[in-house]
Amino acid sequence: MTSEEQAEKIKQFRQELVNIKYPVNDEYLKQFLIARSWNIAQAKDQLLKTFEWRETNHIGDHPVATGENKLPVLYAVRGYQSIPDSNLESLPGVSESVLRINKYMGGACLHKVDREGCPIYIERLGYHRAKDIAKNATVEEVQGYHIGCNEFLHRVVMKDCSKVAGHHVNRETVIFDCTGMGWSQLHMPALYFIKAIADCDQKYYPETLNKFFLVNAPGAFVYVWKIVKAWLDPGTIAKIQIIGSDFKEPLLKQIAPENLPAFLGGECTCEHMDGGCVPSQVLKNAKPLVANEKNDKVQTAYNTNIMEQGKTSDVIRGPSFY
């Protein structure tokens, strides 16, 4: 489809949305059109359901960490102008469930940008203690955490990236490092958490994935992939590259060496930060996360009082999503 044809489709789509109360830009509408193969009726249906979901669950009021409001981050961040390099810490306001989930995660970080200006999310999937996550967390807690991370990514980091790149950025590049993965990862209760996250992203955050690299994938991953693949849209599957130990060249093609961690073939070590590029509780390269009375036991990413502040404070709520 030519750019002119795309522009006409977007124009027609907008004409179908005369009664919506949210101001949305063309790039946001384009995400839904691409997700639904440029079928306007289907794109409209998905968009309206997304608006309904966001309104019913007050997603637009979700607090997001910014350099201005000083809220603690929900996961490690490196290399953005609008928020200082930070790690997830046991700070007041972060919910106990977020700290508990991270005790069993192999490590995760939003780490700089790729050659297209898209933020890079790195997760050390192979070191996840999958059975412990499934045993000690609920789907609702994992979803609440994921939504908080998504809103921060889109309302803070991607706006930062757009400003630096000089063009609209609404996608992230993802790297899952499968080093250490074994049969313990083939644990269906834990895999259902992945399904819940994938469902949320595909329904309510469509076409926000740029590239997806699964590196150091062992033989055991073949069985995991057969299960997970069935939960993904064709458009998502098309963006996934599964690579063994020969991952350096394809990663460096997408990411400049100074922005890629050394353990993935790049030059970055983030020596100035506890845990380096990707701090991990499982690998014990960062200080432990211990919850206390200032970390509420709730399903949301932040304590209840902070979640409530998001409904009335533009500073706590942060930038809009659209």
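All values below come from the heavy atoms of this structure, side chains included, with hydrogens, waters and symmetry mates left out. Counting from 1, the numbers follow the sequence of the chain as shown.
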Peer 1: Nearest heavy-atom pair of P279 and A76: which atoms, and what distance?
Peer 2: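 Minimum heavy-atom separation between P279 and A76: CG-CB, 3.7 Å.
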
Peer 1: Stepwise, does the side chain to side chain contact (heavy atoms under 4.5 Å, CB included) test hold for K131 with Y104?
Peer 2: CA-CA 9 Å; K131 291 182 179 180; Y104 309 111; over 6 Å; no

Peer 1: For residues V156 and V315: do they belong to one hydrophobic cluster (side chain heavy atoms under 4.5 Å, members Ile, Leu, Val, Met, Phe, Trp, Tyr)?
Peer 2: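 Each belongs to a different hydrophobic cluster.
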
Peer 1: For the pair W225 and F221, name the ring-plane relationship: parallel under 30°, tilted 30 to 60°, perpendicular over 60°.
Peer 2: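 Answer is parallel, since the angle falls under 30°.
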
Peer 1: Measure across V298 and Y302 and return the closest heavy-atom pair with its distance rounded to 0.1 Å.
Peer 2: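 So the minimum-distance heavy-atom pair works out to CG2-O, 3.7 Å.
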
Peer 1: Is any NZ, NE, NH1 or NH2 atom of the basic residue among R171 and E116 found under 4.0 Å from an Asp or Glu carboxylate oxygen of the other?
Peer 2: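 No, no charged N to carboxylate O under 4.0 Å.
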
Peer 1: I need the minimum non-hydrogen distance between Y75 and C149, along with the two atoms involved.
Peer 2: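 Nearest heavy atoms, Y75 then C149: OH-O, 3.8 Å.
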
Peer 1: Any side-chain heavy atom of Y121 sitting closer than 4.5 Å to one from V157?
Peer 2: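 Contact flag for Y121/V157 side chains = no.
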
Peer 1: Side chains of L260 and I175: closer than 4.5 Å at any heavy-atom pair?
Peer 2: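 Yes. Closest side-chain heavy atoms under 4.5 Å.
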
Peer 1: Does the S90 side chain pair with the main chain of V290, one donor and one acceptor, at a distance under 3.5 Å?
Peer 2: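 Confirmed, S90 side chain pairs with V290 backbone.
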
Peer 1: Between K49 and E52, is there a salt bridge with N-O shorter than 4.0 Å?
Peer 2: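 No.
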
Peer 1: Test your reading of the model: is there a side-chain donor-acceptor pair from T173 to the backbone of N210, 3.5 Å cut-off?
Peer 2: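 No.
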
Peer 1: Looking at N136, is its backbone amide N or carbonyl O close enough to the side chain of R100 to form a donor-acceptor pair, meaning the two atoms are under 3.5 Å apart?
Peer 2: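 Checked: pair present.
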
Peer 1: Should I197 and L88 be regarded as members of a common hydrophobic cluster, given that ILVMFWY residues are connected when their side-chain heavy atoms come within less than 4.5 Å of each other, either directly or indirectly?
Peer 2: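 I197 and L88: one cluster.
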
Peer 1: For the residue pair L33 and I40, establish whether any side-chain heavy-atom pair is separated by less than 4.5 Å.
Peer 2: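 With C-beta onward as the side chain, the pair touches.
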
Peer 1: Taking atom NZ of K30 and atom NZ of K9, what is their separation to the nearest 0.5 Å?
Peer 2: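 Answer for the NZ-NZ pair, K30 versus K9, is 14.0 Å.
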
Peer 1: Counting only heavy atoms from other residues, nucleotides and ligands, does the tally under 6.0 Å from CD of E249 exceed 12?
Peer 2: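 Check fails, neighbour count at 12 or below.
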
Peer 1: Check for me whether K226 meets the cation-pi criterion with Y223, that is, NZ or CZ under 6.0 Å from the six-membered ring centre and within 45 degrees of the ring axis.
Peer 2: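 K226 over Y223 ring: yes.
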
Peer 1: Do the side chain of K112 and the main chain of A256 share a donor and acceptor less than 3.5 angstrom apart?
Peer 2: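 Flag not set: sc K112 to bb A256 has no pair under 3.5 Å.
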
Peer 1: Is it the case that one hydrophobic cluster holds both L251 and I120, taking links as side-chain heavy atoms less than 4.5 Å apart, direct or via other members?
Peer 2: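 In one cluster: yes.
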
Peer 1: Can you establish whether the number of heavy atoms outside E271 located under 6.0 Å from its atom CD is more than 12?
Peer 2: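 Open: at most 12 neighbouring heavy atoms sit under 6.0 Å from CD of E271.
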
Peer 1: List for me each residue that meets side chain to side chain donor-acceptor pair (under 3.5 Å) alongside N150, sequence neighbours excluded, and say none if there are none.
Peer 2: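 So N150 forms a side chain to side chain donor-acceptor pair (under 3.5 Å) with H146, D201.
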
Peer 1: Can we say K239 and E207 salt-bridge, meaning some charged N sits less than 4.0 Å from an Asp/Glu carboxylate O?
Peer 2: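 Salt bridge flag = yes for E207 with K239.
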
Peer 1: Between N259 (side chain only) and V113 (backbone N and O only), is there a donor and an acceptor less than 3.5 Å apart?
Peer 2: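 Such a contact is found between N259 side chain and V113 backbone.
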
Peer 1: Using a 3.5 Å distance criterion without hydrogens, assess whether the side chain of S95 forms a donor-acceptor pair with backbone atoms of A301.
Peer 2: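 Checking the backbone N and O of A301 against the side chain of S95, a donor-acceptor pair under 3.5 Å is found.
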
Peer 1: Report yes if the side chains of Y28 and T50 come closer than 4.5 Å at any heavy-atom pair, otherwise no.
Peer 2: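 A side-chain contact exists here, since the closest heavy-atom pair is under 4.5 Å.
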
Peer 1: Could you tell me which non-hydrogen atom of V73 sits nearest to which non-hydrogen atom of V94, and how far apart they are?
Peer 2: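 For V73 and V94, the tightest heavy-atom pair comes out as O-CG2, 4.5 Å.
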
Peer 1: From M158 CE over to L110 CG, what is the distance, rounded to the nearest 0.5 angstrom?
Peer 2: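 Those atoms lie 8.0 Å apart.
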
Peer 1: If I take atom NZ from residue K11 and atom CG from residue D26, how far apart are they, to the nearest 0.5 angstrom?
Peer 2: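 Answer rounded to 0.5 Å: 11.5 Å.
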
Peer 1: Less than 3.5 Å apart, any donor N or O on the side chain of E27 or Q31 sitting next to an acceptor on the other?
Peer 2: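 Per modelled atom types, E27 and Q31 side chains form no pair under 3.5 Å.
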
Peer 1: Are the side chains of F152 and H62 in touch, meaning some heavy atoms are under 4.5 Å apart?
Peer 2: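 When only atoms from C-beta onward are counted, H62 and F152 do not touch, as no gap falls below 4.5 Å.
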
Peer 1: OG of S3 to CD of E8: how many Å apart, nearest 0.5 Å?
Peer 2: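 Those atoms lie 12.5 Å apart.
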
Peer 1: Is a side-chain N or O of R78 found less than 3.5 angstrom from the main chain of V278, in a donor-acceptor match?
Peer 2: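 The answer is no, because no donor-acceptor pair under 3.5 Å joins these two groups.
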
Peer 1: With heavy-atom distances below 4.5 Å as the criterion, would you say the side chains of R124 and F263 are in contact?
Peer 2: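 In short, these two side chains touch, coming nearer than 4.5 Å.
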
Peer 1: Just by distance, with hydrogens left out, do N69 and T66 show a side-chain donor and acceptor under 3.5 Å apart?
Peer 2: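 Short answer, yes.
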
Peer 1: Kindly indicate whether the side chain of S82, heavy atoms from C-beta on, has any atom under 4.5 Å from the side chain of K163.
Peer 2: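 In short, these two side chains do not touch, never coming nearer than 4.5 Å.
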
Peer 1: Could you walk me through whether L29 and L17 pass side chain to side chain contact (heavy atoms under 4.5 Å, CB included), step by step?
Peer 2: CA-CA 10 Å; L29 297 182; L17 302 170; 3.7 Å; yes

Peer 1: Are I227 and M181 joined in one hydrophobic group, where the rule is that I, L, V, M, F, W and Y side chains link up if heavy atoms are under 4.5 Å apart?
Peer 2: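 I227 clusters together with M181.
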
Peer 1: May I ask you to decide if G79's main-chain N or O and D85's side chain share a donor-acceptor pair within less than 3.5 Å?
Peer 2: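 Present.
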
Peer 1: Any donor and acceptor pair, going by atom type alone, linking the side chain of R14 with main-chain N or O of V24 inside 3.5 Å?
Peer 2: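 It does hold such a pair.
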
Peer 1: Would I243 and F213 count as a side chain to side chain contact (heavy atoms under 4.5 Å, CB included) if you check the C-alpha gap in whole Å, the side-chain angles of each, and the deciding distance to 0.1 Å?
Peer 2: CA-CA 7 Å; I243 313 168; F213 299 95; 4.0 Å; yes

Peer 1: What's the shortest heavy-atom distance between Q202 and D233, and which atoms?
Peer 2: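 For Q202 and D233, the tightest heavy-atom pair comes out as OE1-N, 2.8 Å.
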
Peer 1: About how many Å separate CG of L91 and CG of L289, when rounded to the nearest 0.5 Å?
Peer 2: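 Spacing of CG (L289) from CG (L91) equals 9.5 Å.
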
Peer 1: Would you kindly confirm whether Y80 and V169 end up in one hydrophobic cluster when ILVMFWY residues are joined by side chain heavy atoms under 4.5 Å apart?
Peer 2: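 Different hydrophobic clusters.
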
Peer 1: So is R54 actually on top of Y22's ring, under 6.0 Å and inside 45° of the axis?
Peer 2: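 The answer is no; the distance or angle limit is not met.
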
Peer 1: More than 12 heavy atoms of other residues, nucleotides or ligands under 6.0 Å from CD of Q42: is that the case?
Peer 2: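 Result for CD/Q42: enclosed.
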
Peer 1: Kindly indicate, with the supporting measurements, whether the criterion side chain to side chain contact (heavy atoms under 4.5 Å, CB included) is fulfilled by E123 and V174.
Peer 2: CA-CA 8 Å; E123 189 168 305; V174 176; over 6 Å; no

Peer 1: If you measure only the distance, is there a donor-acceptor pair under 3.5 Å linking the side chains of S280 and N285?
Peer 2: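 Not at all, the side chains of S280 and N285 share no donor-acceptor pair under 3.5 Å.
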
Peer 1: So, for A35 and Q46, which heavy atoms are closest and what is the spacing to 0.1 Å?
Peer 2: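 Closest approach of A35 to Q46, heavy atoms only: CB-OE1, 4.1 Å.
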
Peer 1: So, does N87 use its side chain to make a donor-acceptor pair with the main chain of D274 at under 3.5 Å?
Peer 2: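 Side chain of N87 to backbone of D274: a pair is present.
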
Peer 1: So do R317 and R155 actually touch side chain to side chain, heavy atoms under 4.5 Å?
Peer 2: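 Heavy-atom side-chain distance check passes, below 4.5 Å.
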
Peer 1: Looking just at side-chain N and O atoms, do Q281 and N102 make a donor-acceptor pair shorter than 3.5 Å?
Peer 2: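 Not at all, the side chains of Q281 and N102 share no donor-acceptor pair under 3.5 Å.
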
Peer 1: When rounded to the nearest 0.5 angstrom, what is the spacing between CG in N216 and OG1 in T179?
Peer 2: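 Rounded to the nearest 0.5 Å, the CG-OG1 separation comes to 3.5 Å.
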
Peer 1: Does E89 come within less than 4.0 Å of K287, counting only side-chain N to carboxylate O?
Peer 2: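 Yes.
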
